[in-house]
Novice: 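Pasting a structure here, questions to come.
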Amino acid sequence: MPFNAEAARRVQERLAKLVVFAPIPKAETVAGLDVAYSGDVAYGAAVVVKMPALEVVDVACSVSKAVVPYVPTYLAFRELSPMLRAYFKLRVKPDIILVDGHGVAHPRRFGIASHIGVVLKKPTIGVAKSRLYGVEEGGCVLDPSTGEVLAQVVKCGGKKYVSVGSYATLEDAVRIVETLCKKGDVYPLRAAHEITQKIKKAALPHDEDRYPCS
DNA sequence: GCGACAG
DNA sequence: ATCTTGTCGC
Ligand SMILES: [Mg+2]
């Protein structure tokens, strides 16, 4: 069954109503989620870091078949599954989740970080390397039609576009990302990205072809 | 119709 | 995202 953009758009429009803007209650542990590819194989990784020392307290990964292509504004339909498969394997669940991609700085206010936040009912923050939607102005990304602030630009290495996924406020999101910025990278995301590259080069077998714990 | 376009 | 190593410069 091929990817159906119209159906996917309807899903985003429906779920976008469930995005919640609220202060993050607890921020002792933060996870980073990312995915890498080799052909049609997706390698997902989740790394949990403890604040404020930034010690890695748990790591998990997933290997699966990428079935959905990358289509701008529909990234979640391609990467949410690999990310969550890794996330569910974590023994230590984080207070907050950082996702490599946008949150509400999306044409339908429902980027992958928002999608994951709504699905897990847990605070998520979107951290993207480039702009997808909105007009950049004075360190902020504004909705071209309403003028609302959708994201804030944080300098960490290069520009990082920080937006609320769900269950967070932009102020909290920015403060947390700034705290996690180390050596030009948002630490949890850098850690997840490295795991992702590492298991890809190791050519780990698909999850289904692996025995428990092997 | 044209240009933009997370990863 | 991925294709790709060493090399030039501060
Ligand atoms: Mg990524």
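In what follows, chains are A, B, ... by sequence order, proteins preceding strands, each numbered from 1. Computed from a predicted model, the values in this text were never measured in an experiment. Scope of the values below: all heavy atoms of this structure, side chains included, with no hydrogens, waters or symmetry mates.
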Novice: I want to check one thing: is the phosphate of dG7(B), taken as OP1 and OP2, less than 4.0 Å away from some side-chain N or O of S130(A)?
Specialist: yes
Novice: In this structure, how many angstroms lie between the C1' atom of dG7(B) and the CG atom of L75(A), rounded?
Specialist: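 Computing the L75(A):CG to dG7(B):C1' distance gives 5 Å.
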Novice: Quickly, which of R190(A), K129(A), K160(A) forms a salt bridge (Lys or Arg N to Asp or Glu O under 4.0 Å) with D100(A)? Name it, please.
Specialist: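 Between D100(A) and the candidates, salt bridge (Lys or Arg N to Asp or Glu O under 4.0 Å) is satisfied uniquely by K129(A).
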Novice: State which of dG7(B), dA6(B), dT2(C) makes the closest approach to the side chain of A36(A).
Specialist: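 It is dT2(C).
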Novice: State plainly whether the residues E171(A) and R175(A) are in salt-bridge range, i.e. N to O under 4.0 Å.
Specialist: no
Novice: With distance as the sole criterion, is a donor-acceptor pair present between the side chains of Q12(A) and Y74(A) under 3.5 Å?
Specialist: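 Their side chains do not contain a donor-acceptor pair, so the 3.5 Å distance test is not met.
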Novice: For the residue pair R108(A) and T73(A), confirm or rule out a side-chain donor-acceptor distance under 3.5 Å.
Specialist: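 A donor-acceptor contact under 3.5 Å links the two side chains.
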Novice: Tell me the interatomic distance from K129(A), atom NZ, to dG7(B), atom P, rounded to whole angstroms.
Specialist: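 From K129(A) NZ to dG7(B) P: 4 Å.
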Novice: Between Q197(A) and dT2(C), is there a contact of a side-chain N or O with OP1 or OP2 at under 4.0 Å?
Specialist: yes
Novice: Can you tell me the distance, in whole Å, between the CZ atom of R108(A) and the C1' atom of dA6(B)?
Specialist: 12 Å
Novice: Is the terminal nitrogen or CZ of K17(A) (NZ for Lys, CZ for Arg) located under 6.0 angstrom from the six-membered ring centre of F110(A) and within 45° of that ring's axis?
Specialist: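 Geometry flag: not set, cation outside 6.0 Å or 45°.
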Novice: In whole angstrom, give the distance that lies between atom NZ of K201(A) and atom C1' of dA1(C).
Specialist: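 Atom-to-atom, K201(A) to dA1(C), this comes out as 14 Å.
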Novice: Classify T73(A) by what it touches in the nucleic acid, base, sugar-phosphate, or nothing, heavy-atom distance under 4.0 Å.
Specialist: base
Novice: What is the distance, rounded to the nearest whole Å, between atom CD of E79(A) and atom P of dA1(C)?
Specialist: 8 Å
Novice: Measure the distance from NZ on K200(A) to P on dA1(C) and round it to the nearest whole Å.
Specialist: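 Rounded to whole Å, this separation is 9 Å.
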Novice: When the distance from CD1 of I112(A) to P of dG7(B) is rounded to whole Å, what number comes out?
Specialist: 11 Å
Novice: Looking for any heavy atom pair under 4.0 Å, which part of the strands does Y43(A) touch: base, sugar-phosphate only, or nothing?
Specialist: nothing
Novice: Please check the phosphate of dA6(B) (OP1 and OP2 only) for any side-chain N or O of R131(A) closer than 4.0 Å.
Specialist: no
Novice: Rounded off to whole Å, could you give me the NZ-to-P distance for the K160(A) and dA6(B) pair?
Specialist: 15 Å
Novice: Under 4.0 Å: is that the gap between some side-chain N or O of Y70(A) and OP1 or OP2 of dA6(B)?
Specialist: yes
